[in-house]
Amino acid sequence: MSRASVNAALVIAALYTFFPAMWMLLAAAKSSTGIMDGHLLSFSDFDLLGNLRALTQQDGGIYFRWLLNSFLYAGFGSVFSALVSCAAGYAFDKYQFRGKEKLFGLVLLGVLVPSAATVLPMYLLATKAHLVNTVWAVLIPSVVNPFGVYLARVFAQGYVPDEVVEAARVDGAGELRIFGRIGLPMMRSGFATIMLFQFSAIWNGFFLALVMLSNQNLYPVSLGLYIWDQGVATDGPSLISLVICGSVIAVIPVIVLFVCLQRFWRSGLTAGSVK
């Protein structure tokens, strides 16, 4: 009875978890009429090709411009954020300097601050720097990741032995060369983990772009779909199928990135369990 109860609870939890994803897949293949009628589980009103065709034609095909913008923001932002975080975490672990722990405590304090609370100060700074309504207004804040710095320091402590760093110094290697040739390769699982977290956060976030950008050609896909969704009440239900179909397409890059990087992430999570 206990095994049956556990299996039943797992089945219910799986259905609860995957039902929204199943709903999105079915709704993306339905026409606007089929979605509004609420008959998503029926085998009628399928029009996936029509939805894709309408997605390429809506507003001159701007959806794929938004998709490229998201690749730009999330791709470059996550890579540079992971690199900066790994360098900062490595420095916090391997170097001794005055006020190190207090400065690291300030970094941890940044983890506790919600990202939405920093948008207005960043907007004021971007206004002073004349970066509002440019790519840099979204890209530069994406590089800063306090949680990534904390995570990188943990990985540096676990994966980069002090003896290896000292041996490289004895051999005459410079600090940048030690980090680039020894420290960063040893922290590659941490680099992949930080990059994956940051890519997902940038790809799904839209509030920063909503405040910083007014040119629709610079919108990320999350903000563009939000604008379309807000227009459903005024422009009619024809946009519903486009929003859902576009949302399904926008999820695919995150899934592909996770599948490609999961071996690095899994090795980072399990390393240290076996000597």
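The shown structure was predicted, so the numbers you read here are calculated from the model rather than taken from an experiment.
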Ser241 side chain vs Asn51 backbone, donor-acceptor pair below 3.5 Å = no
task = Looking only at non-hydrogen atoms, find the nearest pair between Leu83 and Phe191 and report the distance.
result = N-CE1, 3.6 Å
inquiry  = If the condition is ring pair (Phe, Tyr, Trp, His ring centres under 6.0 Å), which residues does Phe71 pass it with, not counting sequence neighbours?
reply    = Trp203
Residues which pass salt bridge (Lys or Arg N to Asp or Glu O under 4.0 Å) with Arg153, listed by chain and number, not counting sequence neighbours = Glu101
key: Ala209: partners by side chain to side chain contact (heavy atoms under 4.5 Å, CB included), with sequence neighbours left out   = Val138, Leu213, Pro220, Leu223
remark   = Phe80 meets the ring pair (Phe, Tyr, Trp, His ring centres under 6.0 Å) criterion, sequence neighbours left out, with none
Please list, one pair per line, the donor and acceptor atoms closer than 3.5 Å that link side chains of residues 195-202 to other protein atoms, with sequence neighbours excluded.
from   : atom 1 : to     : atom 2 : distance (Å)
Gln198 : OE1    : Asn145 : ND2    : 3.2
Gln198 : NE2    : Ser142 : O      : 2.6
Ser200 : OG     : Asn204 : ND2    : 3.3

key: Which residues share a side chain to side chain contact (heavy atoms under 4.5 Å, CB included) with Val154, sequence neighbours left out   = Tyr150
Please report, to 0.1 Å, the donor-acceptor pairs under 3.5 Å made by any side chain of residues 115-133, with sequence neighbours excluded.
from   : atom 1 : to     : atom 2 : distance (Å)
Thr118 : OG1    : Ser115 : O      : 2.7
Thr127 : OG1    : Tyr123 : O      : 2.8
Asn133 : OD1    : Ser214 : N      : 2.9
Asn133 : OD1    : Ser214 : OG     : 3.4
Asn133 : OD1    : Asn215 : N      : 3.0
Asn133 : ND2    : Ser214 : OG     : 3.3

task = Mind checking ring pair (Phe, Tyr, Trp, His ring centres under 6.0 Å) for Phe206 and listing every partner two or more places apart, or none if nothing turns up?
result = Tyr226
ask   = Sequence neighbours excluded, which residues qualify as salt bridge (Lys or Arg N to Asp or Glu O under 4.0 Å) partners of Arg181?
value = none
Atom pairs and distances, donor-acceptor, side-chain atoms in residues 170-180, under 3.5 Å, two or more places apart:
from   : atom 1 : to     : atom 2 : distance (Å)
Glu175 : OE1    : Tyr95  : OH     : 2.6
Glu175 : OE1    : Arg169 : NH2    : 3.3
Glu175 : OE2    : Arg169 : NE     : 3.1

message = Any heavy-atom pair between the side chains of Ile255 and Val251 that's under 4.5 Å?
response = yes
remark   = Here the side-chain hydrogen bond (donor to acceptor under 3.5 Å, both in side chains) pairs for residues 67-90, sequence neighbours left out, are none
key: Pairs where residues 80-94 contributes a residue and the test salt bridge (Lys or Arg N to Asp or Glu O under 4.0 Å) is met, not counting sequence neighbours   = Lys94-Asp162
